[in-house]
Amino acid sequence: MKLVTAIIKPFKLDEVREALGRLGATGMTITEVRGYGRQGGHSEVYRGAEYSTQMLPKVQIEIACGNELVEQVVEAIGHAAHTGHIGDGKIFVNDLVRVVRIRTGETDEHAI
C-alpha cells in the first residue's frame, strides 16, 4: 500500500479530482496549504503598498491506494496538474505500513 501526496495549484484541483475519479480512486483527503519552492513567492499590492510574500496558496491531496494503482495515480495527477509553469507542485509516494477502517475494524487493503 502507498500514500500518494500531491501539492498542486488550487485551480487544478477539479481536473485532478476528475482524473482520479476516472481511475476509480475511492477517496482522498484535500487540505488547503501554503508554501513555496523554487518560485520563492511573489509580490502583492495591498491598499497601495507592495509587499512580498513567500507563502503561496496550494492544495494538498492525499490518496491511499494499493501498489498496483500507484503509478496510474501518480501519472493522472501529474498530467492533470501540469501547466508547464513554475510552481506546478510535487508528488510524493510513501509506503503505508498499516491502515484501519475505524467503523468496521477492517485493515490494510480492505480498509482502503
Side-chain angles (χ1 to χ4, degrees):
M1 298 174 301
K2 303 289 185 187
L3 178 65
V4 179
T5 304
I7 310 293
I8 63 169
K9 292 182 176 184
F11 69 89
K12 296 300 261 179
L13 176 59
D14 286 337
E15 290 178 53
V16 170
R17 200 172 65 215
E18 289 170 9
L20 291 170
R22 286 191 296 272
L23 284 180
T26 57
M28 66 184 77
T29 301
I30 300 169
T31 309
E32 292 180 10
V33 295
R34 297 180 67 77
Y36 71 94
R38 288 187 182 164
Q39 79 270 28
H42 67 284
S43 296
E44 293 183 3
V45 177
Y46 179 73
R47 295 189 178 188
E50 185 175 335
Y51 67 97
S52 178
T53 178
Q54 289 188 343
M55 298 295 178
L56 299 173
K58 301 287 183 177
V59 174
Q60 178 175 309
I61 302 169
E62 294 176 304
I63 302 134
C65 62
N67 293 332
E68 70 284 347
L69 194 59
V70 71
E71 287 306 318
Q72 294 173 17
V73 167
V74 169
E75 186 177 315
I77 294 170
H79 181 71
H82 181 264
T83 67
H85 297 0
I86 196 162
D88 273 353
K90 297 265 190 307
I91 301 170
F92 305 95
V93 179
N94 295 296
D95 288 323
L96 278 178
V97 177
R98 187 167 185 207
V99 177
V100 178
R101 185 184 312 258
I102 295 171
R103 180 177 54 86
T104 63
E106 293 171 292
T107 60
D108 301 328
E109 298 246 359
H110 300 287
I112 297 177

For this session: Examine V70 and I112 and state if one hydrophobic cluster contains both, with Ile, Leu, Val, Met, Phe, Trp and Tyr joined whenever side-chain heavy atoms are less than 4.5 Å apart.
Result: no

For this session: Measure the CG-CD1 distance between L20 and I61 for me, rounded to the nearest 0.5 Å.
Result: 6.5 Å

Problem set entry | Point-to-point distance, once rounded to the nearest 0.5 Å, from CE of M1 to OG1 of T107 | 8.0 Å

Exercise. Which pair of heavy atoms, one from P10 and one from P57, lies closest together, and at what distance?
Worked result: CD-O, 3.5 Å

Exercise. Passes side-chain contact (heavy atoms from CB on, under 4.5 Å), E62 versus M28? Steps please.
Worked result: CA-CA 6 Å; E62 294 176 304; M28 66 184 77; over 6 Å; no

Exercise. Closest heavy-atom contact between A80 and A19?
Worked result: CB-CB, 4.1 Å

Problem set entry | I8 vs K58, side-chain contact (heavy atoms from CB on, under 4.5 Å): CA-CA, chis, key distance, verdict | CA-CA 6 Å; I8 63 169; K58 301 287 183 177; over 6 Å; no

Exercise. Should T5 and Q60 count as side-chain neighbours, where that means a heavy-atom distance under 4.5 Å?
Worked result: yes

Exercise. Honestly curious: do I77 and F92 fall in one hydrophobic cluster under the side-chain, below-4.5 Å linking rule?
Worked result: no

Problem set entry | Whether over 12 other heavy atoms sit under 6.0 Å from E75 CD | no

Exercise. At their closest point, which heavy atom of V97 faces which heavy atom of D108, and how far apart are they?
Worked result: O-OD1, 4.1 Å

Problem set entry | Closest non-hydrogen atom pair, K2 against L96 | O-CD1, 3.5 Å

For this session: Taking all heavy atoms of A111 and all of V100, pick out the closest pair and write down the distance.
Result: CB-C, 4.1 Å

Problem set entry | CA sep, side-chain torsions, deciding dist, call: L3, I63, side-chain contact (heavy atoms from CB on, under 4.5 Å) | CA-CA 6 Å; L3 178 65; I63 302 134; 5.9 Å; no

Exercise. Going from CG on D88 to CD1 on I7, what distance comes out if it is rounded to the nearest 0.5 angstrom?
Worked result: 13.0 Å

For this session: State the CZ-CG distance between F11 and L13, to the nearest 0.5 angstrom.
Result: 11.5 Å

Exercise. Does the side chain of V59 reach to within under 4.5 Å of the side chain of K9, using non-hydrogen atoms?
Worked result: no

Problem set entry | Side-chain (T31) to main-chain (V33) donor-acceptor, under 3.5 angstrom | no

Problem set entry | Between CG on residue L23 and CG on residue L69, distance to nearest 0.5 Å | 6.0 Å

